[in-house]
Amino acid sequence: MGQDKNDMKRKRSNEKSTEKVVTNEKQKQQQQGNGSNPSKKKKKSQESCPFGNYKNYYGYRISNDMDEDPRLKVLKKEWFQGKDCLDIGCNSGVMTIHIAKKFGCQSILGVDIDSNLIEVARWRLRNFVRTHNSAKPGEMKTHSGGADGSEEQSISLSNGETKIGSEETKDLFQIVSFQKENFVQTRNLDDNRYDTILCLSVTKWVHLNWGDDGLITLFSKIWRLLNPGGIFVMEPQPWKSYEKNRRVSETTAMNYRTIVLRPEHFQNILLDKIGFRTVEDLTSSLSGVNKGFDRQILAFQK
């Protein structure tokens with residue numbers, strides 16, 4: 001009898017252990033089935049922005065207590081006033097629109113690889129004009145949400161740079177435009193010429209996705225599209241930023257391992273290899289940037 005009782009106890013213990021294993025296995029399968037695996041979620045989130053095409057990018061860069069993007073303060077009016085300009089990697093168009101408004105561009109084209117962001121930029125332009133036409137001079141009304149689901153920034157442009165008026169803001173539709181382009185690969189811009197070209201926090205994404213060859217193509221094409229005496233404004237991300245984002249896709253992970261040209265080499269490449277004549281470092285005048293965005297800003301002249 002004693003032996004039988006021990007056998008029964010062992011049997012029940014084995015059954016409970018088996019049930020635990022089955023239950024744990026089912027839970028794992030359910031997690032995989034409904035996508036609740038945290039590591040997979042993170043990977044999916046990273047892969048959705050392999051070109052740095054973040055939907056709420058300017059929400060990270062511009063705090064609610066800022067009147068404008070701090071980078072606007074280091075840009076010179078003469079680079080833009082009455083000039084034809086190009087903004088490479090314009091994202092949702094915030095900087096593109098405010099450069100046009102603050103400095104009075106003849107024209108400015110914003111290009112981005114993400115068609116959804118281009119649609120948001122066009123919406124933002126319409127909203128900007130509509131808002132300024134209904135606001136008091138020098139003020140922009142605050143809206144709680146943007147077309148991309150991000151917080152719309154309340155931005156004042158009453159710094160004396162340009163007058164705010166209905167006719168002037170209506171003209172923004174003739175001044176500002178947005179176009180979906182992969183700048184490294186497109187030939188749609190080959191016949192265009194510009195007085196000023198911006199490439200702000202874009203070099204890393206070009207570099208990670210198209211390697212050293214893609215970076216040289218970027219620089220060469222910018223030089224070719226600039227008029228003589230034209231200005232190229234660049235805000236390169238530091239190498240530590242590459243390390244953080246190297247695994248956003250298989251392509252970036254592979255290119256990261258083969259990159260030879262580091263961001264600290266870019267200035268010499270642009271001056272010695274590409275052919276720019278001079279460079280001005282604007283970084284010392286930059287202040288008030290959010291943590292993680294204190295990057296070098298350089299202005300090259302062709």
Side-chain angles (χ1 to χ4, degrees), residues 46 49-54 57-58 60-61 69-76 79 86-91 95 111-113 182-185 194 196-226 229-302:
Q46 287 180 330
C49 302
F51 307 107
N53 47 322
Y54 301 112
Y57 176 71
Y58 285 102
Y60 306 132
R61 287 209 73 137
D69 190 312
R71 293 173 295 180
L72 285 166
K73 292 181 173 68
V74 305
L75 301 179
K76 296 182 180 181
W79 295 342
L86 175 66
D87 185 9
I88 301 168
C90 65
N91 195 270
M95 276 289 281
V111 298
D112 199 278
I113 198 169
N182 178 340
F183 184 79
V184 173
Q185 297 180 342
Y194 301 95
T196 301
I197 296 179
L198 299 126
C199 187
L200 305 177
S201 288
V202 172
T203 49
K204 173 183 72 176
W205 299 109
V206 170
H207 215 175
L208 284 175
N209 281 281
W210 290 280
D212 286 338
D213 288 344
L215 183 79
I216 296 301
T217 298
L218 171 73
F219 290 161
S220 300
K221 186 175 285 191
I222 288 170
W223 191 88
R224 192 168 66 251
L225 295 181
L226 273 174
I231 299 295
F232 167 42
V233 182
M234 178 180 69
E235 180 190 36
Q237 297 98 321
W239 183 251
K240 63 181 180 181
S241 178
Y242 284 61
E243 295 172 352
K244 181 181 175 183
N245 295 115
R246 68 187 186 277
R247 293 195 182 95
V248 295
S249 72
E250 290 182 7
T251 299
T252 58
M254 179 181 67
N255 284 331
Y256 174 80
R257 293 192 293 270
T258 62
I259 285 174
V260 175
L261 307 175
R262 297 289 185 95
E264 57 267 27
H265 302 147
F266 292 177
Q267 181 171 318
N268 288 337
I269 291 169
L270 286 161
L271 292 172
D272 300 336
K273 305 294 184 184
I274 303 301
F276 283 93
R277 293 190 294 122
T278 62
V279 61
E280 181 179 356
D281 193 334
L282 310 174
T283 315
S284 60
S285 304
L286 188 65
S287 62
V289 295
N290 279 347
K291 186 178 179 181
F293 292 102
D294 49 343
R295 297 167 181 167
Q296 189 178 36
I297 299 181
L298 301 168
F300 296 85
Q301 185 173 37
K302 181 174 178 179

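- Atom CG of Leu298 is separated from atom CG of Leu282 by 7.0 Å, given to the nearest 0.5 angstrom.
- Phe183 is listed as a side-chain neighbour of Leu86, based on a closest heavy-atom distance under 4.5 Å.
- We find the CG-CZ distance between Leu270 and Phe232 to be 6.0 Å, quoted to the nearest 0.5 Å.
- Put simply, the side chain of Gln237 does not reach to within 4.5 Å of the side chain of Lys244, judged on heavy atoms.
- The stretch residues 268-278 participates, sequence neighbours left out, in no side-chain hydrogen bond (donor to acceptor under 3.5 Å, both in side chains) pair at all.
- Panel note: side chain Thr252, backbone Leu208; no donor-acceptor pair is recorded below 3.5 Å.
- Between the Glu235 side chain and the Ile297 main chain, no donor and acceptor come within less than 3.5 Å of each other.
- Atom-to-atom distance recorded for Asp112:CG and Ile88:CD1 is 11.0 Å, nearest 0.5 angstrom.
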Enumerate donor-acceptor pairs with a distance under 3.5 Å from any side-chain N or O in residues 256-266 to protein atoms, sequence neighbours excluded.
{"unit_1": "Arg257", "atom_1": "NH1", "unit_2": "Ala253", "atom_2": "O", "d": "3.3"}
{"unit_1": "Thr258", "atom_1": "OG1", "unit_2": "Asn255", "atom_2": "O", "d": "3.0"}
{"unit_1": "His265", "atom_1": "ND1", "unit_2": "Arg262", "atom_2": "N", "d": "3.0"}

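- If you take CG on Leu200 and CG on Asn91, they are separated by 11.0 Å, rounding to the nearest 0.5 Å.
- Minimum interatomic distance between Asn209 and Pro50 (heavy atoms only, all atoms of both residues): ND2-O, 3.0 Å.
- In this structure, the side chain to side chain contact (heavy atoms under 4.5 Å, CB included) partners of Trp223, at least two apart in sequence or on a different chain, are Ile274, Phe276, Lys302.
- Atom CD1 of Ile216 sits about 14.0 Å away from atom NZ of Lys221, to the nearest 0.5 Å.
- If you take CZ on Phe219 and SG on Cys199, they are separated by 7.0 Å, rounding to the nearest 0.5 Å.
- No side-chain heavy atom of Met234 sits under 4.5 Å from any side-chain heavy atom of Ile222.
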